[in-house]
Amino acid sequence: MSLRLGDAAPDFKANTTLGEISFHQYLGDSWGVLFSHPADFTPVCTTELGRTAQLKDEFARRNVKVLAVSVDPLAKHQTWIGDINETQHTTVDFPIIADDNRVVSGLYDMIHPNASETFTVRSLFIIGPDKKVKLIITYPASTGRNFVEVLRVIDSLQLTSKYSVATPADWKSGEDVIVVPAISTEDAQKKFTKGLRIVKPYLRYTPQPDIE
Ligand code: BEZ
């Protein structure tokens, strides 16, 4: 059965471009982004991995470790990294899993046979420090993902886990957030000292708690 939000993220050992990795141990106390791409030496994948490398500092600032995966072998990944670095003007220094035995793609249900019998689709999992699955997105091979959106979701997830707030449609970091329904207005008034804007009893905004 495929993974769902809140499920434990399956642990695994895998060969990667940075050596053998034990997934949970590698993540440690960090958040994780595990994302699959269909194949090495393909154009969209080249831009996606390059973009991820360019955003290295953004992921680090959020305490997030990223891992890419495809069913290609290690030697192919190693050669392809040279092309990514050259064409995307960056340095890929996160691990790319060589999942030629399909252990990781099987555990995370990344091969969708009606799309392709052989290649992983563009699956992306965000995993919390509790090793639970917090977000799942799946894109087809032909559509490169928006990694700025991935960072935005991480910001939202981290605010929720720290402050019991949710984020509205199209929210961007710095904008007001929403008080979750589980908190009474009386409690919210004590907890959110920057103030509450009550539009409806169930729609209550407060300034983003972690910025001045
Ligand atoms: C790509 O990365 O460009 C790609 C990979 C598989 C199918 C279509 C596009």
Side-chain angles (χ1 to χ4, degrees), residues 1-5 9-10 12-21 23 26-27 30-60 62 64-127 133-155 157:
M1 196 168 74
S2 50
L3 285 172
R4 293 185 285 204
L5 299 189
F12 56 80
K13 279 197 170 67
N15 288 324
T16 82
T17 49
L18 298 184
E20 192 186 70
I21 276 178
F23 184 49
Y26 172 75
L27 291 181
S30 300
W31 291 67
V33 171
L34 175 69
F35 67 109
S36 58
H37 58 274
D40 296 356
F41 297 103
T42 51
V44 178
C45 301
T46 300
T47 63
E48 282 197 328
L49 271 70
R51 186 71 184 124
T52 305
Q54 290 164 2
L55 292 169
K56 173 185 173 166
D57 292 346
E58 294 296 326
F59 285 110
R62 292 165 174 82
V64 177
K65 291 187 176 170
V66 298
L67 290 99
V69 54
S70 81
V71 296
D72 287 306
L74 199 55
K76 206 167 170 185
H77 284 343
Q78 301 282 21
T79 316
W80 181 42
I81 284 174
D83 280 8
I84 301 170
N85 292 347
E86 176 197 328
T87 61
Q88 308 305 304
H89 313 288
T90 190
T91 303
V92 171
D93 60 4
F94 55 85
I96 308 176
I97 296 168
D99 194 39
D100 28 4
N101 58 11
R102 300 184 181 198
V103 167
V104 178
S105 19
L107 284 171
Y108 283 82
D109 198 25
M110 291 164 163
I111 295 179
H112 296 197
N114 290 322
S116 164
E117 289 281 355
T118 45
F119 298 135
T120 43
V121 292
R122 298 189 195 282
S123 296
L124 186 146
F125 295 82
I126 297 180
I127 293 152
V133 175
K134 306 296 181 189
L135 173 126
I136 303 171
I137 56 170
T138 308
Y139 275 43
S142 51
T143 306
R145 285 158 287 199
N146 182 332
F147 286 85
V148 172
E149 166 64 4
V150 173
L151 292 172
R152 190 189 77 92
V153 174
I154 291 166
D155 286 340
L157 290 168

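Whatever order the structure lists them in is the order used to number ligands and atoms, beginning at 1. Given the structure is predicted, the values throughout are model-derived calculations rather than measurements.
Proximity to Cys45 (heavy-atom distance under 4.0 Å) selects the following atoms of ligand 1: 1 (C), 2 (O). Within ligand 1, the atoms closer than 4.0 Å to a non-hydrogen atom of Pro43 are 1 (C), 2 (O), 3 (O), numbered from 1 in the order shown.
Between the side chains of Asp40 and His77, at least one donor N or O sits under 3.5 Å from an acceptor N or O.
Of the protein's non-hydrogen atoms, Arg122 NH2, 3.7 Å is the one closest to atom 4 (C) of ligand 1. With hydrogens left out, the protein atom closest to atom 7 (C) of ligand 1 is Ala141 CB, 3.5 Å, a heavy atom. For atom 3 (O) of ligand 1, the nearest protein heavy atom (residue, atom name, distance) is Val44 N, 2.6 Å.
Evaluated for a side-chain hydrogen bond (donor to acceptor under 3.5 Å, both in side chains) with Gln54, the options Arg51, Glu58, Lys56 yield exactly one hit, Arg51. The side-chain contact (heavy atoms from CB on, under 4.5 Å) with Arg122 is formed by just one residue from the set Thr138, Ile137, Val44; it is Val44.
Looking at heavy atoms from C-beta onward, Val92 lies in side-chain contact with Asn85 at the 4.5 angstrom threshold.
Checked by distance only, ligand 1 and Thr42 come closer than 3.5 Å through their nitrogen or oxygen atoms.
Using a 30° and 60° split on the angle between ring planes, Phe23 and Tyr108 fall in the perpendicular class, above 60°.
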